[in-house]
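Written below as C-alpha cells is the structure these notes are about.
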Protein chains: 2
Amino acid sequence: MVFKDYKIKSRIWIDGKQGTFLAEGRIALLKEIIVSGSISAAAKQMNMSYKKAWEMINTMNKSAEQPLVVRVSGGAGGGGTQVTDEGLKMIQLFEKLNKKCQVYLDKELEKIFG
Amino acid sequence: MVFKDYKIKSRIWIDGKQGTFLAEGRIALLKEIIVSGSISAAAKQMNMSYKKAWEMINTMNKSAEQPLVVRVSGGAGGGGTQVTDEGLKMIQLFEKLNKKCQVYLDKELEKIFG
DNA sequence: ATTCGTTGTATCATTTAAAAAATAACGATG
DNA sequence: CATCGTTATTTTTTAAATGATACAACGAAT
C-alpha cells in the first residue's frame with residue numbers, strides 16, 4: 001500500500017461571467033457576514049483586508065442573477081450587510097458539492113489502491 | 001435553469017511528506033520531459049524557468065518512494081533526464097483521477113439542476 | 001585535456017500580488 | 001447639522017513570487 005502516506009486534496013469553484021463566482025474563501029466570508037452582519041467585521045475575523053472582502057462580495061453579487069448579499073451604507077450604526085436567502089442557498093449548494101467531491105475522491109483512491 | 005451560465009471547475013493534487021507531490025503543472029512537466037529528455041528543454045517549452053522546473057522535479061522525487069525521473073549530469077550531450085516507469089504510472093493515475101473528478105462534478109451539478 | 005550541453009546552485013533584478021493605510025461617501029439618529 | 005460606524009475608493013507600502021543571469025560541476029566522446 002504505497003499511498004498510505006499520501007493524501008488527495010481537491011478544490012472546487014464555480015466560474016461565472018465575471019470570473020470566480022463561488023469558492024471556498026467566499027463561502028467562509030458569507031458565513032462570517034451572517035454572524036456579524038458586517039463586511040468589515042467579517043474581514044477582520046478572517047484576517048483579511050476589507051478591500052479584498054469587498055471585492056469578493058462585489059464580484060459574487062455581480063456574477064449572481066440575484067444578489068447574495070444586500071449592503072447598506074450609512075444610517076444608524078453606519079450601515080451593514082445581510083446575506084440573502086439566495087446567498088444561503090448558494091452556501092448550502094457549494095458545501096454539499098464540495099463534500100461530495102472529497103468523498104468521491106477518497107473512494108476512488110481507495111478503489112484503486114485498496 | 002439558473003446554472004447554464006456557470007461552470008464548475010476543480011483542481012486536485014496529492015500531498016506527500018515534503019509538500020505537494022503531484023499536481024497539474026508537475027504532470028505537464030513530466031510529459032514534456034518524456035518528449036525532450038531534458039529538464040531545460042521541457043522548461044523552455046513550458047515558458048518556465050529552469051530553476052522552477054528543477055525544484056518541482058526535485059520535490060516530486062523526494063516525495064516519491066521510487067524516483068519518477070532519473071537525472072544524468074555530464075556525459076555525451078551533456079546529460080539528460082528520463083521519466084521512469086513509476087513516473088509514467090503516476091501520470092496515468094493522476095490524469096485518470098482528474099478526469100473522473102471532472103466528470104463526477106459535472107454529473108452532480110446536472111443531477112441537482114438538470 | 002578540450003569540447004559539449006546538460007544538471008545544479010547562487011545571486012540579483014523585476015514584476016506581481018497582497019497588505020496596509022488613508023480618505024471619502026453614506027444616511028439614520030439625536 | 002454633528003456624530004457614528006459602516007460601506008466604498010484611492011493611494012501607498014510591503015512582501016512574495018517570478019525571471020534573468022552567471023557560473024560551477026559533471027562525464028562521455030573525440
Side-chain angles (χ1 to χ4, degrees), chain A residues 11 13 15 18-21 23-64 66-84 86-87, chain B residues 11 13 15 18-21 23-64 66-84 86-87:
Chain A
R11 191 146 203 188
W13 67 96
D15 273 6
Q18 314 284 340
T20 302
F21 174 42
E24 210 167 89
R26 287 153 202 256
I27 296 300
L29 183 58
L30 284 181
K31 291 166 90 172
E32 285 296 337
I33 289 175
I34 292 175
V35 174
S36 61
S38 147
I39 295 178
S40 67
K44 189 174 294 179
Q45 181 68 22
M46 294 180 69
N47 276 17
M48 174 189 300
S49 70
Y50 173 82
K51 186 188 176 186
K52 186 173 181 182
W54 182 86
E55 283 170 344
M56 281 182 170
I57 294 293
N58 208 40
T59 62
M60 276 169 96
N61 257 11
K62 285 199 299 183
S63 294
Q66 298 176 3
L68 306 191
V69 302
V70 288
R71 296 174 284 186
V72 175
S73 166
T81 300
Q82 297 288 325
V83 174
T84 65
E86 185 72 9
Chain B
R11 190 146 204 189
W13 68 96
D15 273 7
Q18 315 283 341
T20 301
F21 173 43
E24 211 166 90
R26 287 153 202 256
I27 296 299
L29 182 59
L30 284 181
K31 290 166 90 172
E32 285 295 338
I33 289 175
I34 292 175
V35 175
S36 62
S38 146
I39 294 178
S40 66
K44 189 174 294 180
Q45 180 68 21
M46 295 180 68
N47 276 18
M48 177 189 299
S49 70
Y50 174 82
K51 184 187 177 187
K52 185 173 182 182
W54 182 87
E55 284 170 345
M56 280 182 169
I57 294 292
N58 208 39
T59 62
M60 275 169 94
N61 257 12
K62 284 199 301 183
S63 294
Q66 297 176 3
L68 306 191
V69 302
V70 287
R71 296 173 284 185
V72 176
S73 166
T81 300
Q82 297 288 325
V83 174
T84 65
E86 185 73 9

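These figures come from a predicted structure and were not determined experimentally. Letters A, B, ... mirror the listed sequences (proteins, then strands); counts begin at 1.
- Note that the CG atom of A:Leu29 and the CE atom of A:Met60 stand 7.0 Å from one another [nearest 0.5 Å].
- Distance CD1 (B:Ile57) to P (C:dT6): 16 Å, rounded to an integer number of Å.
- Note: NZ (B:Lys44) to C1' (D:dG19) measures 14 Å, nearest angstrom.
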Could you encode protein contacts along nucleotides 7-23 of chain C as a string, one character per nucleotide from 5' to 3', using B for base contact, S for sugar-phosphate-only contact and - for no contact, with a heavy-atom cut-off of under 4.0 Å? BBB-B-------SB---
Using the side-chain contact (heavy atoms from CB on, under 4.5 Å) rule, take A:Arg11 and B:Trp13 through it: C-alpha gap first, then chi angles, then the decisive distance, then the call. CA-CA 9 Å; A:Arg11 191 146 203 188; B:Trp13 68 96; 3.9 Å; yes
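- Side chains of A:Ile33 and A:Arg71 form no contact here, defined as non-hydrogen atoms less than 4.5 Å apart.
- For residues 72-83 of chain A, no pair satisfies side chain to side chain donor-acceptor pair (under 3.5 Å), with sequence neighbours left out.
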Result block: side-chain N/O donor-acceptor pairs under 3.5 angstrom for residues 38-48 of chain A, not counting sequence neighbours:
unit_1: A:Ser38; atom_1: OG; unit_2: A:Ser40; atom_2: N; d: 3.2
unit_1: A:Ser38; atom_1: OG; unit_2: A:Ser40; atom_2: OG; d: 3.1
unit_1: A:Ser38; atom_1: OG; unit_2: A:Ala41; atom_2: N; d: 2.9

